[in-house]
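Side-chain atoms are counted along with the backbone in the values below, which use heavy atoms only and exclude waters and symmetry mates. Just so you know, ligand 1 is whichever comes first in the structure, and atom 1 is the first atom listed for that ligand.
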Amino acid sequence: MAEIILRNVSKIFKDEEVISDLNLTIRDGSFTVLVGPSGCGKSTTLRMIAGLEKQSSGEIWIGDQLVNDTPPGKRNIAMVFQNYALYPTMTVRGNIEFGLINKKVPKLEREELIKEISEIVGLTDYLNKKPQQLSGGQRQRVALARAMVKKPKVFILDEPLSNLDAKLRGQMRTELIQLHKRLGTTFIYVTHDQVEAMSMGDEIVILNKGEIQQKDSPMNVYHDPNNIFTANFIGTPAMNIMDFEKMKNFLPALNGDVKYVGFRPEHIQLSAAEKTDPHSIILLGEILTRETLGAETIYSVKTNAGMINCKSFSEPVDRLRNVQLRIPHEKLYFFNYHGER
Ligand code: ADP
């Protein structure tokens with residue numbers, strides 16, 4: 001087990017800085033998820049931690065060891081990728097055993113490790129099969145088992161579930177969370193999917209354009225976003241962000257430098273009734289689209305303050321025109337000119 005520290009880490013590819021002065025501490029034993037849009041630098045960050053990419057400047061510490069010049073094989077990190085990278089001609093056993101043979105682990109010890117790990121990941125009955133005889137989920141387990149037999153200090157997982165269908169992905173998420181609990185080893189997990197990040201991580205690191213926007217618990221990134229980027233990125237549909245100018249007639253007077261007002265679609269009460277409430281913003285609107293997804297319904301509503309997305313878990317509203325939107329003041333987020341709270 002090990003804490004990982006990145007200190008003033010930058011990465012320049014040709015003349016483009018893709019990671020800028022990153023400072024990040026990954027807690028020992030945590031399940032830390034790096035999340036952000038495609039191209040924001042998640043994989044590059046992982047690859048630098050693993051030693052597959054050398055940072056242009058800064059320091060990387062694993063435990064009490066400065067690993068700037070330590071090759072990947074000596075960092076005691078195991079990586080799992082989305083394409084599994086299994087050897088197709090070898091059996092499951094062969095794939096799991098390969099790294100152990102390379103490390104000159106004695107045969108008896110290898111046998112024991114393979115038995116222990118294949119039980120944990122549920123592969124005991126598949127040890128003699130080849131990868132092409134396995135389902136996507138089973139292949140992913142082989143990749144995990146191969147990482148686990150090395151008993152690494154840190155697991156690095158780069159979008160490991162993105163090749164699986166939605167149902168299996170859900171199941172594998174749960175398995176990975178349980179595996180993390182069981183092993184107690186630091187997991188660093190990369191995904192572009194905020195739902196995956198929120199459901200798996202105990203620490204979420206939100207990256208955009210090579211910079212950390214927020215590092216926090218799932219609850220805090222949702223309830224207490226630092227800025228518009230995080231507010232927008234976490235939650236589906238995204239938070240409504242309105243120009244303060246357009247909303248200020250509906251709001252009590254405010255002090256301070258407010259440029260934008262935000263509120264989440266799920267915090268809006270949409271109804272046909274006309275109620276008054278001194279503690280809420282009341283808007284009138286017309287429903288333009290309505291998408292019913294079983295338990296919830298998503299509306300896009302044209303209001304006197306602009307277009308607004310609403311999400312409701314109650315019975316779908318039938319009426320289209322003259323609907324009322326009630327947004328409690330306590331559910332509002334205020335952002336300054338720089339998009340910060
Ligand atoms: P993410 O994992 O968040 O999708 P990456 O870390 O893969 O993002 O990439 C971050 C940025 O660095 C992107 O603009 C990408 O094009 C660039 N990049 C990544 N690897 C290389 C490379 N080997 N050479 C040049 N540019 C690269």
Parallel, tilted or perpendicular: rings of His180 and Phe187 (30°, 60°):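 Ring orientation of Phe187 relative to His180: perpendicular.
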His267 and Tyr222 aromatic ring geometry - parallel, tilted or perpendicular at 30°/60° bounds: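 Plane angle over 60°, so perpendicular.
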Hydrophobic cluster identity match, Ile101 and Ile117, side-chain contacts under 4.5 Å: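 Unlinked, Ile101 and Ile117 end up in two clusters.
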Polar contact flag, side-chain donor to acceptor under 3.5 angstrom, His279-Glu330: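 Judged by distance alone, the side chains do not pair up.
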Donor-acceptor side-chain pairing of Asp158 and Ser43 below 3.5 angstrom: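 Yes.
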4.0 Å protein heavy-atom contact status of atom 16 (O) of ligand 1, strictly under: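 Under the 4.0 Å cut-off, atom 16 (O) of ligand 1 has no protein heavy-atom neighbours at all.
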N or O pair under 3.5 Å between [X] and ligand 1:
X     : answer
Phe13 : no
Ser43 : yes
Gly39 : yes

Protein contact of atom 8 (O) of ligand 1 - nearest heavy atom, named by residue and atom, plus distance: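 Checked against all protein heavy atoms, atom 8 (O) of ligand 1 sits closest to Gly41 N, 3.2 Å.
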Minimum-distance protein heavy atom relative to atom 11 (C) of ligand 1: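 Here the closest protein heavy atom is Val18 CG1, 3.6 Å.
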Lys NZ or Arg CZ of Lys248 over Phe250 ring: under 6.0 Å, within 45°: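 No.
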Glu315 atom CD, over 12 foreign heavy atoms within 6.0 Å: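 Incorrect, the count does not exceed 12.
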Within-shell test, Gly36 vs ligand 1, heavy atom, strictly < 4.0 Å: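 Flag not set, Gly36 not near ligand 1.
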Thr44 and ligand 1 - part of the residue with a heavy-atom distance under 4.0 Å: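 Thr44 to ligand 1: contacts from backbone and side chain alike.
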Ligand-residue contact atoms, ligand 1 with Lys42, heavy atoms, under 4.0 Å: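 Here the atoms of ligand 1 in question are 1 (P), 2 (O), 3 (O), 4 (O), 6 (O), 8 (O).
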